[in-house]
Each structure stands twice: as structure tokens, then as C-alpha cells.
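Some notes on the structure that comes next.
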Amino acid sequence: MQILDGKALAQKIEAKVSIGAKELKARTGRVPGLAVILVGHDPASQAYVGMKKKACDRAGFYSVTHEMPDDISQEAIVKTIEMMNLNPNIDGILIQLPLPSHIDTTKILEIVAPTKDVDGFHPYNVGRLTTGLDGFVPCTPLGVMELLAEYNIDVKGKNCCVVGASNIVGKPMAALLLNANATVEICHIFTDDLKKHTLAADVILVGAGVINLIKEEMVKEDAIVIDIGINRAPDGRLVGDVDYDAVAPKTSYITPVPGGVGPMTIAMLLSNTLKAAQIHAQEEK
Ligand code: NAD
């Protein structure tokens with residue numbers, strides 16, 4: 001069993017992104033800029049935004065966080081995004097999810113300019129991903145693909161079982177695997193007999209948000225297990241969706257939580273923001 005070390009790879013990618021940012025600045029004067037919109041006081045969202053800001057500082061990016069109260073109106077969020085769309089110092093716009101229930105999240109995500117959509121949630125970029133065209137790809141599944149590539153794991157022809165079908169994790173994960181010529185199954189809360197599907201898989205990629213969802217008897221010998229889940233256990237520890245201690249010895253490769261997919265997500269955000277800055281610099285010429 002080998003551990004897929006997302007922390008180490010994320011550091012490597014961050015170092016490369018910093019060099020890319022320095023080169024871009026030297027060549028064009030442009031500093032990559034990220035705007036984050038944070039609505040409300042959810043401690044997890046605040047922690048994620050704090051980590052993203054620190055990562056921008058490390059990479060030499062400009063970043064700004066627009067903090068808004070829980071009861072902010074849809075119109076006020078839209079106005080802020082429209083301003084960021086026009087702001088030449090901003091290359092990437094990130095809306096920290098979830099938004100409060102009175103806000104129409106789909107409409108908000110559609111306002112973001114597709115060339116600043118560094119989270120890859122705009123339908124334009126979703127369409128480009130499913131048709132296999134270049135665009136912005138959601139950071140978490142993109143990070144998983146980078147991690148697999150780092151360890152020379154080719155999913156071509158492999159049976160991949162994605163557990164979780166959200167727009168930000170499961171669906172783009174499945175699209176990326178399909179684009180890489182894997183045979184892909186997507187399971188979700190209404191899937192009958194989850195074990196039947198996971199047991200047949202060469203690669204299990206789980207992002208459901210359920211502690212210990214994937215148990216030892218649901219995994220075949222030498223499977224590759226990618227744990228995308230991040231949950232707070234009753235004792236306060238961060239854990240994934242996989243019963244790690246029981247499952248790990250059976251696998252050929254596995255990601256730990258923490259230190260697996262999580263750090264890759266932030267590294268990919270930096271990488272996508274640099275990519276956006278490079279596109280904008282090219283357009284300015
Ligand atoms: P979500 O709630 O939007 O979606 C969860 C998905 O899992 C749904 O499709 C649901 O049908 C499925 N699901 C739920 N319970 C299930 C069950 N018992 N059996 C099978 N499928 C089930 O959540 P999300 O935003 O996609 O996040 C999922 C997990 O990934 C969470 O733990 C979240 O914290 C984590 N996450 C991690 C990162 C990262 O950087 N590693 C990024 C985003 C989300």
C-alpha cells in the first residue's frame with residue numbers, strides 16, 4: 001500500500017505557481033489577483049477562505065475578500081461580482097459556498113465572467129469540461145487528477161466508481177475520468193447497494209461527506225482509494241469518508257485525510273488563478 005501524498009505534491013505545485021507568477025510579472029507587469037466573496041459567519045467557510053488567502057500571499061498573488069452579512073441581498077452580491085468582472089486587477093473570482101438559502105446560488109455562479117471562473121462552476125466551463133475542451137476545471141477533482149498523474153496512475157480502461165454526485169466534486173470528477181478514458185460509474189444517496197458498485201471498482205473516489213461510508217468489505221484487493229470527504233469526527237479530528245485504518249491495508253494506493261486531496265484543492269486554485277492571469281495578460285497585448 002502506498003500513500004498518495006497530496007501535501008507534498010501541493011507544495012511542489014505551489015512552488016511552480018510562484019515561479020510562474022514572478023515570470024508573468026517580470027514579462028507583463030501583471031500580478032495574479034483573486035477576489036473571494038464570503039457571505040455569513042460559517043466557521044468552516046471562514047477557515048477555508050483564510051487558507052486560500054494565505055496561499056495567495058505565499059504565491060505572491062494579490063487577493064481581496066469581500067465579507068458580507070448573512071442577510072445580504074442577491075442584488076448586492078450580483079453588483080459586487082459585476083464590479084470584480086470589470087476590475088482589471090482581478091483574474092479570478094471565487095464565491096465561497098454554501099450561500100445562505102435565500103440566495104439563488106446557480107444565478108450567482110452564472111454572473112461570474114467565464115475567464116475569471118477559477119472554480120470552474122460556470123455552466124460555460126462545465127460544458128467545456130464535458131466536451132473535453134480546455135477551460136477552468138473545479139479545483140478538487142482537478143487536484144485528484146494531478147495526484148494520480150504524479151504517481152503515474154493511468155485510469156485508462158479502469159473501472160472507476162465515483163461516490164457522490166455534486167456539481168463541485170462528483171460530477172466534474174466523473175467527467176475528468178471519462179475524458180481520461182476510464183469506465184465511470186457515479187453513485188449517490190439513491191444508489192441501491194453501494195457495495196456492489198464499489199466492490200467492482202479498480203478506483204473508488206468518494207466525496208459524500210459521510211464518515212466511514214467506505215468500509216473494508218466494500219473494497220476489492222489492490223484497489224486505489226481516493227478520499228475526497230472532509231468531516232469533523234465527534235472527537236474533533238478531521239476525517240474523510242473512508243474507514244481508513246481498515247481499508248488502507250487492502251489498497252494499492254490511498255489518500256489520507258488530512259494531507260491527501262485537501263491541500264491539492266488549494267494548489268489547484270492557485271494554478272487556475274495563474275492560468276486566468278496569463279489569459280488576461282495575453283488579451284491585453
Ligand atoms: P454535497 O452534499 O453537495 O454532495 C454529497 C453527494 O454525496 C451527493 O451527491 C449525495 O447524493 C452523495 N451521498 C450522500 N450520502 C451518501 C451515501 N450514504 N451513499 C452514497 N452517496 C451519498 O457535498 P459536496 O460539496 O460534494 O462535498 C462532499 C464531501 O467532499 C464533503 O465531505 C466535503 O467536505 C468534501 N469536500 C472536500 C473538498 C476537498 O478539498 N477535499 C472540497 C469540496 C468538498
Side-chain angles (χ1 to χ4, degrees), residues 3-7 9-10 13-14 36 42-52 54-55 94-99 101 105-106 109 118-121 126 136-148 160-177 184-201 204-215 217-219 225-234 237-244 247 254-272:
I3 289 175
L4 299 172
D5 188 345
K7 196 172 167 200
L9 179 57
I13 291 171
E14 273 194 24
V36 178
D42 174 52
S45 290
Q46 283 177 329
Y48 287 135
V49 168
M51 281 157 66
K52 287 167 188 174
K54 274 192 196 146
L94 184 155
I95 321 290
Q96 185 64 41
L97 300 179
L99 293 172
S101 53
T105 300
T106 310
L109 296 177
V118 288
D119 254 341
F121 295 160
V126 176
F136 289 103
V137 175
C139 301
T140 301
L142 183 61
V144 171
M145 296 308 284
E146 289 284 329
L147 198 49
L148 293 172
C160 294
C161 180
V162 178
V163 183
S166 70
N167 289 337
I168 64 172
V169 178
K171 284 185 203 163
M173 187 74 258
L176 284 166
L177 293 165
V184 186
E185 260 196 317
I186 311 179
C187 297
H188 46 76
I189 188 85
F190 299 113
T191 298
D192 186 33
D193 195 358
L194 182 61
K195 181 180 165 186
K196 184 180 87 188
H197 299 275
T198 57
L199 252 187
I204 300 169
L205 308 101
V206 55
V210 180
I211 297 177
N212 289 340
L213 179 64
I214 304 301
K215 300 182 182 61
E217 66 273 16
M218 297 168 75
V219 178
V225 174
I226 308 294
D227 193 349
I228 304 168
I230 301 180
N231 311 292
R232 186 69 68 183
R237 282 179 311 130
L238 272 191
V239 295
D241 290 353
V242 175
D243 183 2
Y244 187 88
V247 169
I254 189 164
T255 59
V257 179
V261 177
M264 290 301 297
T265 298
I266 294 194
M268 291 301 107
L269 174 66
L270 295 179
S271 171
N272 278 352

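Position 1 is the first residue of the sequence; numbering continues from there. Both ligands and their constituent atoms are indexed starting at 1 by order of listing.
- A distance-only check finds a donor-acceptor pair linking the side chain of Thr198 to the backbone of Met218 [under 3.5 Å].
- Residue Ile230 holds the heavy atom nearest to atom 33 (C) of ligand 1 of all those in Val239, Ile214, Val261, Ile230.
- Under the 4.0 angstrom criterion, atom 11 (O) of ligand 1 counts as having a protein heavy-atom contact.
- For Asp192, the CG atom is loosely surrounded, since the number of other residues' heavy atoms within 6.0 Å does not exceed 12.
- When the options Ser166, Gly209, Pro263, Gly164 are ranked by their closest heavy atom to atom 24 (P) of ligand 1, first place goes to Ser166.
- Residue Ile168 places a heavy atom under 4.0 Å from ligand 1.
- With a heavy-atom cut-off of 4.0 Å, Thr140 touches ligand 1 through its side chain alone.
- Taking distance alone, with nitrogen or oxygen atoms compared against 3.5 Å, Cys187 stays at or beyond that limit from ligand 1.
- Without hydrogens or angle criteria, Asn272 side chain to Asp119 main chain gives no donor-acceptor distance under 3.5 Å.
- In terms of protein heavy atoms, atom 5 (C) of ligand 1 is closest to Ala208 O, 3.7 Å.
- In this structure, Asn231 contributes its side chain and Ala233 its backbone to no donor-acceptor pair below 3.5 Å.
- Annotation: the span from Ile95 atom CD1 to Phe121 atom CZ amounts to 10.0 Å, rounded to 0.5 Å.
- Of the candidates Val210, Asp241, Ile228, Thr255, the one placing a heavy atom closest to atom 30 (O) of ligand 1 is Ile228.
- Between the choices Ile189, Ile186, Val257, Asn231, the shortest heavy-atom distance to atom 22 (C) of ligand 1 belongs to Ile189.
- Panel note: side chain Asp241, backbone Leu213; no donor-acceptor pair is recorded below 3.5 Å.
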